[in-house]
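First comes the structure, then the notes that go with it.
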Amino acid sequence: MAEREILTWELYGTASRELAQAVADSGYEPTIVLGIARGGLIPAGSLAYALDCKNLFTMSVEFYTGVDTRLDVPVMLPPFLDRADLTGADVLIVDDVADTGKTLELVHDFCADHVRTARTAVIYEKPHSTMKPDFAWRTTDAWINFPWSTMPPVVRRTGVLDA
Ligand code: 5GP
C-alpha cells in the first residue's frame, strides 16, 4: 500500500496555527480569506480567525474523485463567486493541499485581474506541484489523510428516536 501522511485533529490545530503565524510573520495582511471548498474550508476558517480577518469567502472546485484519481481538469462548481466582490482586495487563497497545483492555479487565475494582491496558503504542498504556494506548513510526497475526510459519511441509524 502507498505511503500515507496522517494528519490528526490534534496535529491540525498546531498546523493551522503555525501556518497563520507564517503569514503574519511575512507581513501579509489579507482583507479577504478565500477558501476552496471543500478541502480548504476548515483551513480557511482557522486562518481567518487566527489572522483576525472577518471577510471569509468560498468557492467550490472539484478535481479529485478518489485517492490519486482525478478529472482531466479542475472545474468550478456553483454557486459561483462574483469576482467584483474581490475588487481591490488582498486575498489569501486557502486550500488543504497543493498536489498537482492545478486547483490553486485555477482559483489564482480566476482572481488575478480583480484583486490588488493574492497569496496562496496550504497545509501541505507536494514537491511536484506546478504552483508553489506562498505559504505551506509541510511538504510531502504521500497521499494525505485529512481528519475531516478520512471517515466515511455518517448514515442514519434506525430506531435512535424510538426510545
Ligand atoms: P491539486 O489541484 O493541487 O492536484 O489538488 C487539489 C485538491 O485535490 C485538494 O484540495 C484536495 O481536495 C485533493 N487532494 C490532492 N491531493 C490530496 C491528498 O494527498 N489527500 C487528500 N485527502 N486530498 C488530496
Side-chain angles (χ1 to χ4, degrees), residues 1-20 22-23 26 28 30 32-51 53 55-81 83 86 89 91-115 117-155:
M1 190 155 137
E3 196 198 337
R4 292 282 173 129
E5 169 87 14
I6 312 286
L7 183 66
T8 61
W9 278 116
E10 194 179 356
L11 188 55
Y12 170 70
T14 304
S16 58
R17 197 71 199 173
E18 289 182 0
L19 184 60
V23 177
S26 76
Y28 192 61
I32 288 176
V33 171
L34 172 58
I36 306 177
R38 287 178 297 175
L41 285 191
I42 293 170
S46 304
L47 290 188
Y49 268 112
L51 295 169
C53 176
N55 295 321
L56 180 55
F57 286 51
T58 69
M59 58 186 283
S60 263
V61 178
E62 184 170 54
F63 194 14
Y64 282 69
T65 52
V67 176
D68 266 335
T69 56
R70 54 183 93 87
L71 307 171
D72 291 338
V73 289
V75 285
M76 289 183 205
L77 301 177
F80 299 114
L81 182 67
R83 273 186 287 200
L86 303 175
V91 178
L92 184 64
I93 301 166
V94 182
D95 207 352
D96 49 0
V97 46
D99 191 321
T100 64
K102 287 184 178 171
T103 300
L104 269 190
E105 207 174 322
L106 176 79
V107 175
H108 190 269
D109 290 353
F110 176 80
C111 299
D113 290 342
H114 293 73
V115 300
T117 63
R119 301 281 187 276
T120 52
V122 292
I123 304 292
Y124 286 99
E125 81 178 293
K126 307 257 174 119
H128 53 250
S129 173
T130 54
M131 177 152 187
K132 180 142 184 63
D134 296 293
F135 306 99
W137 178 63
R138 277 193 185 161
T139 305
T140 180
D141 252 340
W143 183 263
I144 306 142
N145 280 6
F146 290 101
W148 45 84
S149 53
T150 297
M151 291 167 71
V154 294
V155 292

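Atoms within a ligand are numbered from 1 in the order they appear, just like the ligands themselves. For clarity, every value in this text was computed on a predicted model and none was experimentally measured.
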Problem set entry | Distance in Å, E5 CD paired with L11 CG, rounded so as to fall on 0.5 Å steps | 8.0 Å

For this session: Examine distances only and state if a side-chain atom of R17 and a backbone atom of A50 form a donor-acceptor pair shorter than 3.5 Å.
Result: no

Problem set entry | Neighbour list for ligand 1 [protein residues, heavy atom under 4.0 Å] | F63, Y64, D95, D96, V97, A98, D99, T100, G101, K102, T103, K126, W143, I144, F146

Exercise. If you draw a 6.0 Å radius around CZ in F57, do more than 12 non-hydrogen atoms from other residues or ligands fall strictly inside?
Worked result: yes

Seminar exercise, completed: Sorted by chain and number, sequence neighbours left out, side chain to side chain donor-acceptor pair (under 3.5 Å) with T117 holds for Y28, D90

Exercise. What pairs meet the salt bridge (charged side-chain N to carboxylate O under 4.0 Å, His left out) rule with one or both residues in residues 122-140, with sequence neighbours excluded?
Worked result: D99-K126, E125-K132

If you look only at distance, which donor and acceptor atoms sit under 3.5 Å apart when one is on a side chain in residues 32-43 and the other is two or more places apart or in another chain?
none

